[in-house]
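First up is the structure itself, then whatever we jot down about it.
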Amino acid sequence: PSEEAFLKTVRLAYTKLARNERFDAPIELRRSDGSLFWCRMIGKALDPSCPEDGSLWMLEDVTDQRASQEERLRLSTAIKHAAEAMVITDTDGRIEYVNPAFEVTTGYSREEALGQNPRLLASGHHDGAFYENIWQTIRSGQTWEGRFINKRKDGSLFHEEGSISPVWNKKGEITGYVAVKRDITEELAQETAARQSQKMEAVGQLAGGIAHDFNNILQAIEGFCGLLLLEAKDHESIRSDVLEIKSATKRAATLTRQLLDFSRSADVRFTKFSLNEITENQMQMLRRLVDKTIQLVPEFAPNLKLVMADRGQMEQIIMNLVVNARDAMPNGGNITIRTENIVLGTMAVSEMPKARPGAFVCLSVTDSGTGMDKEVLNHLFEPFFTTKKKISKHGTGLGLAIIYGIIEQHNGWIDVESEVGEGTVFRVYLPACDETEDLVNKTEGDKQDDSGALSQRILLVDDDPEVRKLTGQILKHAGYEVLDVASAEEALELFEQENGGFDLLFSDIVLPGQTGIQLADALRKKIGLRVLLFSGFSDDKAGLSELKKKGYMFMRKPFKLSTLLGTVHKVLQRRNS
Ligand code: ADP
Ligand code: MG
């Protein structure tokens with residue numbers, strides 16, 4: 001020990017003795033072999049009335065004692081500073097010690113807690129059996145682990161998670177219990193919020209999907225109700241029933257519209273466009289989304305084939321993939337966004353599990369991030385599968401599940417290649433249209449966009465506006481394109497305007513001015529058009545046979561619901577064969 005400290009202690013000792021006081025203090029000494037040790041030094045005067053006569057000194061080696069004292073100090077410091085609330089009780093559950101974290105979490109001060117039973121915190125959320133089980137566990141010498149809902153001093157509730165263990169003495173007897181508990185109120189709240197938002201997203205997807213189909217069904221029901229109303233003109237009781245169905249359908253349609261609004265998928269619209277174009281447009285936004293340490297590298301193929309897709313959904317796919325890549329690169333790196341024209345033959349397809357032969361546009365997002373192991377790769381497209389602990393806007397585990405769903409709807413597929421520590425490539429394949437982007441730019445641009453699947457066109461002629469409207473509606477729901485007019489003259493005009501681009505003339509025979517038959521004759525001269533005529537007055541056998549001779553099909557009005565679509569379909573089929 002330092003000479004100085006030693007001398008100071010000795011000097012202090014003599015001063016004390018001179019004042020006739022007893023000296024008792026620790027002192028560090030050196031043994032003859034040079035090793036240090038701690039002593040308790042006790043000194044007192046031999047004759048208290050005359051301290052100068054001599055003194056008695058005793059030295060006690062307290063090295064071990066001191067070590068365990070230090071150890072205890074370390075432990076108590078640790079307990080004091082721990083974030084976990086700790087409580088030590090005796091065997092009856094009387095509180096003997098609480099640490100500062102306990103004071104912070106519960107609002108009870110040390111003084112208020114000491115001597116009390118932990119029951120002090122009971123919130124009434126647990127029954128007697130719950131506490132009985134805890135006591136049984138710890139009395140039998142085991143550790144109890146679990147969660148509590150407890151009450152703070154101010155009456156507010158909080159959630160705790162932790163353990164209660166028995167404390168043993170050397171003889172193997174339980175001398176008390178120690179509880180270590182963590183306040184998880186905040187954590188649970190965040191978890192609940194995250195789960196809620198995930199659920200909403202999932203419900204949104206589901207609602208959107210169902211509402212869309214359901215809406216079409218409702219419109220069909222409404223249409224047929226209208227038709228029934230016409231058929232049942234003279235049956236008041238049937239009409240009033242049908243009117244009820246109609247108004248119920250309207251209410252259902254309102255509900256579906258609300259669902260669609262909620263899911264925001266009301267406006268899924270397929271158009272033809274280039275993935276280069278939307279990715280280019282998104283680049284600026286994507287750059288803002290990623291850290292400065294991450295480099296976004298676009299590699300767009302020239303003359304990229306167009307895809308028939310929903311723009312919003314394609315943007316969502318690109319964004320989700322880039323966000324995932326970003327999350328996988330906490331230390332920065334490169335994200336390459338590449339587009340390619342790809343033609344797959346049977347050979348290539350045999351090596352790609354989900355592929356099929358044909359021409360495709362491939363959009364890939366490559367990152368130099370953490371990569372994924374087998375386990376993650378096996379589950380990553382599952383809804384709610386996530387490895388992200390942080391509850392962020394994107395850590396819902398739905399990103400890839402949504403992408404998967406969208407791509408399925410587009411008749412494409414997605415595959416992934418990943419190596420732990422190397423990075424990941426996601427490739428999205430969508431069927432390619434024949435046109436390339438350049439071609440479209442040079443020609444009419446947007447005009448072709450909405451063409452979609454080629455549907456068959458019907459020219460509908462009927463002077464009864466109600467019947468015309470309903471018939472048109474029903475045919476439209478069945479997927480036909482329908483243009484309707486009220487007279488033969490208008491029909492001729494429209495036919496001219498549209499360059500005869502119709503597959504079927506579906507006309508009433510009795511019209512103001514020219515009849516449906518005259519109209520059919522006129523149009524048939526120009527082009528081989530299928531003709532389906534209808535009339536409410538059709539007992540005229542001669543007229544009917546004339547129609548037959550001309551090759552016109554005939555339907556009686558009002559239509560039987562079951563026969564309208566069937567007949568139209570049959571007539572159009574015939575034309576094709
Ligand atoms: P989320 O991003 O919300 O976790 P996702 O469905 O988007 O949900 O992704 C699911 C999981 O797939 C992620 O949690 C992550 O483990 C893994 N993953 C997705 N993309 C990548 C990537 N580019 N690199 C590494 N892991 C990824
Ligand atoms: Mg994601």
Side-chain angles (χ1 to χ4, degrees), residues 187 190-206 208-209 263-265 275 279 282-283 285-299 312-340 353-354 362-410 412-429:
E187 229 169 90
Q190 282 189 4
E191 231 172 75
T192 314
R195 211 174 310 128
Q196 185 63 13
S197 86
Q198 287 172 350
K199 223 189 322 191
M200 291 312 280
E201 243 187 284
V203 170
Q205 290 285 313
L206 195 66
S263 72
R264 277 162 303 154
S265 69
L275 285 181
T279 316
Q282 263 192 307
M283 282 310 275
M285 188 272 290
L286 295 174
R287 286 216 171 86
R288 242 177 285 137
L289 216 59
V290 301
D291 206 75
K292 281 207 190 65
T293 55
I294 293 175
Q295 191 75 15
L296 274 187
V297 188
E299 283 182 12
Q313 292 188 328
M314 289 303 115
E315 285 169 359
Q316 196 179 356
I317 289 180
I318 296 168
M319 191 177 84
N320 285 0
L321 289 178
V322 169
V323 166
N324 279 348
R326 173 199 71 185
D327 292 347
M329 294 196 295
N331 303 317
N334 283 340
I335 301 177
T336 309
I337 306 177
R338 182 177 300 134
T339 56
E340 290 165 276
K354 279 172 276 180
C362 175
L363 169 84
S364 63
V365 175
T366 308
D367 67 63
S368 55
T370 53
M372 286 171 267
D373 59 24
K374 269 232 162 58
E375 182 63 21
V376 174
L377 279 171
N378 276 338
H379 297 288
L380 81 173
F381 289 110
E382 288 167 15
F384 304 124
F385 176 81
T386 179
T387 57
K388 292 168 194 170
K389 300 265 156 49
K390 274 234 188 72
I391 295 135
S392 72
K393 196 174 146 215
H394 297 286
T396 58
L398 281 169
L400 285 171
I402 290 172
I403 290 181
Y404 193 89
I406 292 176
I407 297 173
E408 290 263 289
Q409 272 176 37
H410 283 78
W413 71 95
I414 178 168
D415 69 23
V416 54
E417 210 177 295
S418 184
E419 200 76 55
V420 175
E422 297 289 320
T424 304
V425 193
F426 280 95
R427 294 192 193 86
V428 174
Y429 295 85

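Since the model is a prediction, treat every value here as computed from it, not as a measurement. The chain is numbered in sequence order, starting from 1. Counting starts at 1 for both ligands and their atoms, in listed order.
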Roughly how far, to the nearest 0.5 Å, is the [atom2] atom of [Y] from the [atom1] atom of [X]?
X	Y	atom1	atom2	value
Gln295	Ser368	CD	OG	10.5 Å
Asp373	Glu419	CG	CD	11.0 Å
Lys292	Arg287	NZ	CZ	13.5 Å
Ile317	Ile403	CD1	CD1	6.0 Å

Hey, does [X] sit under 4.0 Å from ligand 1 if you only count heavy atoms?
X	value
Phe381	no
Thr424	yes
Gly371	yes

Ligand 1 to [X] polar contact by distance, N or O atoms, under 3.5 Å:
X	value
Asn324	yes
Val376	no
Asp327	no

State which residue, out of Phe381, Trp413, Phe426, fulfils the ring pair (Phe, Tyr, Trp, His ring centres under 6.0 Å) condition with Tyr404.
->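 It is Phe381; the other options fail the test.
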Where ligand 1 meets [X] - atom numbers and elements under 4.0 angstrom, heavy-atom basis:
X	result
Ala328	22 (C), 24 (N), 25 (C)
Phe385	8 (O), 10 (C)
Asp367	22 (C), 23 (N), 24 (N)
Met372	17 (C), 18 (N), 21 (C), 25 (C), 26 (N), 27 (C)

Pair Thr366-Thr336, side-chain donor/acceptor within less than 3.5 Å =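 Absent: no donor and acceptor within the cut-off.
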Determine the sole option in Gln282, Met285, Gln313 for which the side chain to side chain contact (heavy atoms under 4.5 Å, CB included) test with Ile318 is passed.
->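 Only one of Gln282, Met285, Gln313 forms a side chain to side chain contact (heavy atoms under 4.5 Å, CB included) with Ile318, namely Gln282.
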Examine Asn324 and say whether one of its N/O/S atoms is closer to the Mg ion (ligand 2) than 2.8 Å.
->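 For Asn324, the answer is yes, given that an N, O or S atom comes within less than 2.8 Å of the Mg ion (ligand 2).
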Salt-bridged, Asp327 to Lys388, with N to O below 4.0 Å?
->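 Yes, charged N to carboxylate O under 4.0 Å.
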